[in-house]
Amino acid sequence: DVKVTQSSRYLVKRTGEKVFLECVQDMDHENMFWYRQDPGLGLRLIYFSYDVKMKEKGDIPEGYSVSREKKERFSLILESASTNQTSMYLCASSPGQGRLEKLFFGSGTQLSVL
Amino acid sequence: SQKIEQNSEALNIQEGKTATLTCNYTNYSPAYLQWYRQDPGRGPVFLLLIRENEKEKRKERLKVTFDTTLKQSLFHITASQPADSATYLCALPYSSASKIIFGSGTRLSIRP
């Protein structure tokens with residue numbers, strides 16, 4: 001089975017801190033995604049990557065950046081954390097290369113910014 | 001832009017009945033549509049994918065329909081069980097085939 005691992009289950013940070021959320025997948029998938037999930041708003045796409053060093057903005061990229069130096073790892077960076085970035089962050093991967101895009105999700109990181 | 005609408009209110013069903021969840025989308029019709037299950041505090045798990053040229057897809061007690069004229073998908077769970085209680089999310093590809101967007105989900109509760 002595909003495994004998508006997020007480095008932290010719970011994270012508490014202070015306003016203004018630089019925050020790194022790490023995600024690793026073990027199935028050689030081309031595509032990787034970062035979503036955030038808030039009550040009543042569902043999953044919203046922050047960024048996705050379709051290849052190493054390639055990235056594309058999602059619907060809500062402001063305040064975030066990403067890094068994909070290796071195929072299996074996709075990092076989400078909050079340059080200067082703010083309280084409105086308190087949320088559940090979900091990483092996902094999919095095979096890519098034109099195949100139908102079933103997503104495999106990690107367990108999520110609940111981030112609290114105080 | 002494409003939008004997805006799911007029943008925002010929770011659905012409460014008696015065990016053994018059929019639960020039906022609705023997913024409506026606007027604008028263009030996607031090449032396929034997906035359904036995921038999400039339990040509290042966990043990531044979504046893929047359940048079913050239905051292509052635009054398929055009217056219906058089944059997997060065990062699950063059935064999905066896809067009506068491109070109505071721009072709607074229905075998700076059915078027959079002989080529902082308390083273990084089916086979860087939030088169910090509809091998803092479809094956005095402007096690029098690799099970019100997937102989600103509805104806000106419908107919370108389903110099956111009472112014994």
Side-chain angles (χ1 to χ4, degrees), chain A residues 1-6 8-10 21 23 25 27 29-51 54-61 74 87-111, chain B residues 1-10 21-27 30-54 57 59 62 64 66 86-108:
Chain A
D1 278 351
V2 173
K3 190 154 185 171
V4 179
T5 303
Q6 293 184 231
S8 303
R9 194 81 178 86
Y10 300 96
L21 302 183
C23 176
Q25 51 95 2
M27 279 301 290
H29 282 175
E30 302 287 335
N31 299 331
M32 296 189 75
F33 306 78
W34 276 106
Y35 292 87
R36 65 176 281 179
Q37 186 173 31
D38 301 286
L41 296 177
L43 275 79
R44 291 180 292 167
L45 182 63
I46 305 171
Y47 267 98
F48 74 102
S49 168
Y50 48 90
D51 201 352
M54 305 302 285
K55 62 186 179 185
E56 195 167 318
K57 292 179 181 179
D59 297 318
I60 50 163
F74 192 35
S87 185
M88 169 69 93
Y89 289 87
L90 289 159
C91 175
S93 72
S94 69
Q97 295 182 338
R99 287 166 282 182
L100 294 178
E101 300 301 343
K102 169 183 171 181
L103 297 186
F104 296 84
F105 282 87
S107 294
T109 296
Q110 181 62 54
L111 172 67
Chain B
S1 61
Q2 183 72 286
K3 287 188 179 168
I4 305 174
E5 294 172 356
Q6 293 187 253
N7 299 357
S8 57
E9 295 181 12
L21 285 65
T22 304
C23 174
N24 295 296
Y25 58 91
T26 60
N27 300 333
Y32 60 88
L33 189 145
Q34 303 174 348
W35 284 89
Y36 290 77
R37 168 184 172 139
Q38 186 175 24
D39 292 290
R42 311 297 295 180
V45 174
F46 173 82
L47 294 175
L48 279 169
L49 180 151
I50 185 165
R51 296 173 176 79
E52 62 179 336
N53 61 351
E54 297 176 316
K57 196 84 168 274
K59 179 182 174 183
L62 308 180
V64 173
F66 193 7
T87 296
Y88 291 86
L89 301 163
C90 168
L92 47 85
Y94 194 31
S95 53
S96 75
S98 294
K99 184 176 168 182
I100 307 296
I101 58 171
F102 285 79
S104 57
T106 299
R107 187 156 53 91
L108 175 65

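A note on names: the letters A, B, ... follow the listed sequences, proteins ahead of strands, and every chain is numbered from 1. Not measured: the values here are computed from a predicted model. Computation of the quantities below employed the complete heavy-atom set of this structure, encompassing side-chain atoms and omitting hydrogens, waters and symmetry-equivalent molecules.
Minimum interatomic distance between Ser107(A) and Arg42(B) (heavy atoms only, all atoms of both residues): OG-NH2, 3.4 Å.
Contacts between Gln38(B) and chain A at a heavy-atom distance below 4.5 Å involve the side chain alone, from C-beta outward. For a residue to count as touching a neighbouring chain, one of its non-hydrogen atoms must lie under 4.5 Å from one of that chain's; by this rule Gln6(A) does not touch chain B. Interface residue Leu89(B): only side-chain heavy atoms are found under 4.5 Å from chain A.
One distance of note links OG of Ser104(B) with CZ of Arg44(A); it measures 11.5 Å at 0.5 Å rounding. In this structure, CD1 on Ile100(B) lies 12.0 Å from CG on Leu43(A), to the nearest 0.5 angstrom. Note that CZ of Phe105(A) is 6.0 Å distant from OH of Tyr36(B), once rounded to the nearest 0.5 Å.
Interface remark: of the candidates Gly41(B), Ala91(B), Gly103(B), Gly41(B) forms the most heavy-atom pairs closer than 4.5 Å to chain A.
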